[in-house]
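Take a look at the structure set out below.
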2 protein chains.
Amino acid sequence: MSAKASTAARIAEEAAAAPLCAVFRRHLRSVRLKYTPERAGVLDAIIERDGLFEVEELLNDLRDRRLRISKATVYRTLRLLQDAGIIMPAQIDARQSHYQLVYGRAPRDQMVCVRTGRVIEFTDPEIRTLRDRICRRAGWAPVTHRLQIFGVSPEDAGAEPPAS
Amino acid sequence: MSAKASTAARIAEEAAAAPLCAVFRRHLRSVRLKYTPERAGVLDAIIERDGLFEVEELLNDLRDRRLRISKATVYRTLRLLQDAGIIMPAQIDARQSHYQLVYGRAPRDQMVCVRTGRVIEFTDPEIRTLRDRICRRAGWAPVTHRLQIFGVSPEDAGAEPPAS
DNA sequence: GTGCGTGCAAAGACTTTGCACGTAC
DNA sequence: GTACGTGCAAAGTCTTTGCACGCAC
């Protein structure tokens with residue numbers, strides 16, 4: 001990806017990110033809950049992470065920002081954000097819990113290197129087209145999808161398999 | 001899927017299933033481990049399950065067959081089967097651990113109903129083609145993939161969202 | 001007798017829950 | 001004062017590990 005394309009993508013994402021807190025607020029109101037500083041803090045940290053993140057990272061980020069938000073609250077907020085359709089579990093790895101920001105952006109697909117575990121995110125419009133075609137044939141209404149391609153990246157082709 | 005197609009598929013799968021224990025045995029030998037009755041029992045139970053399964057189901061199946069194989073051994077065997085490339089984690093749900101049989105069969109993709117959590121497996125050749133094209137462009141060597149399409153199935157269109 | 005395999009129970013990693021206290025309308 | 005939110009610690013769920021015993025070559 002060129003620097004130019006990446007910059008354009010970032011600007012587009014920042015524009016999309018702006019209303020996220022509004023989306024969250026709207027959802028909370030609809031279920032009669034409040035938009036508290038803790039909840040806002042968690043969402044902000046997620047937006048900063050831009051895409052894929054782990055709970056552990058989020059907790060660190062919040063700690064770094066001197067926001068003292070308990071683990072319990074973070075987990076509770078993650079569930080609310082899921083309900084709001086803002087994030088979804090990414091499930092890269094069974095042990096660690098990864099989530100990804102999904103609201104207002106095309107689903108990010110992942111290529112995972114089976115040698116090193118390295119994850120590269122990408123979006124391919126053809127996947128979406130194919131997904132919608134498959135759904136149409138089956139009579140389903142598509143909502144989103146998750147695609148993980150496992151393979152060996154050229155950089156890691158000589159690497160040892162991970163310790164696991 | 002018609003009864004005829006399903007029968008044909010089953011026969012094909014049974015043919016493919018036969019050598020699975022040989023594949024496992026070969027892998028075990030290559031890492032200087034033994035093909036024990038416990039390990040065979042776990043693999044058999046997985047083959048019976050045909051595709052997607054959870055650890056809990058496996059444990060029940062083994063118990064039903066009066067095979068007393070401890071949970072620890074099942075988990076240890078699952079790891080070996082993963083190493084052998086026979087199964088892989090399916091990660092449908094963060095809580096339950098799902099696995100799927102992958103050796104010698106096209107990866108099964110899943111459509112997950114967001115209303116009910118119902119999972120339907122399918123295989124679409126175009127997905128594989130697209131996957132390989134994406135890999136080629138990126139210089140990766142494809143190994144396998146996992147695709148989950150989330151949507152609303154026609155049968156469940158009126159259903160309540162799950163309790164979660 | 002060395003190496004591997006197993007079951008059991010304990011320990012781990014991560015997540016959820018119960019509870020008491022706070023705060024806002 | 002009612003309803004919701006939070007932190008803390010405890011409980012829970014699922015998985016892995018430590019250890020002693022057993023078996024096979």
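Just so we're on the same page: letters track the sequence lines, and every chain starts at 1.
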Provide, to the nearest angstrom, the distance between the [atom1] atom belonging to [X] and the [atom2] atom belonging to [N].
X	N	atom1	atom2	value
A/Leu59	C/dC14	CG	P	11 Å
A/Leu67	D/dG5	CG	P	18 Å
B/Leu78	D/dT17	CG	P	14 Å
A/Lys71	C/dC14	NZ	P	8 Å
A/Glu54	C/dA13	CD	C1'	13 Å
A/Glu57	C/dC14	CD	C1'	15 Å
B/Glu38	C/dG5	CD	P	10 Å

If you compare every side-chain N and O of [X] against the phosphate oxygens of [N] (OP1, OP2), does one of them come in below 4.0 Å?
X	N	answer
A/Arg79	C/dT16	yes
B/Thr36	C/dT6	yes
B/Thr73	C/dG7	yes

Would a 4.5 Å heavy-atom cut-off, applied to side chains only, mark B/Glu126 and B/Leu130 as touching?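 Side chain of B/Glu126 against side chain of B/Leu130, heavy atoms only: no contact under 4.5 Å found.
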Using the side-chain heavy atoms of [X], tell me which of these nucleotides is nearest: [options].
X	options	result
A/Ala72	D/dC4, D/dT6, D/dA9	D/dA9
A/Ser70	C/dG5, D/dG7, D/dT16	D/dG7
A/Arg39	D/dG5, D/dA9, C/dT6	D/dG5

Closest-nucleotide mapping onto DNA chain D: is B/Glu56 or A/Val74 further toward the 5' terminus? I mean the 5' end. A/Val74
Is there a path of hydrophobic side-chain contacts, each under 4.5 Å between heavy atoms, that joins A/Ile149 and A/Ile127? yes
Any residue meeting salt bridge (Lys or Arg N to Asp or Glu O under 4.0 Å) with [X], in chain and number order, not counting sequence neighbours:
X	answer
A/Asp44	none
A/Glu54	none
A/Asp124	B/Arg137
B/Asp61	B/Arg49

What ring-ring contact (aromatic ring centres under 6.0 Å, His included) pairs are there with at least one residue in residues 19-44 of chain B, not counting sequence neighbours? none
Distances for protein N/O vs nucleotides 19-25 of chain D N/O pairs under 3.5 angstrom?
none

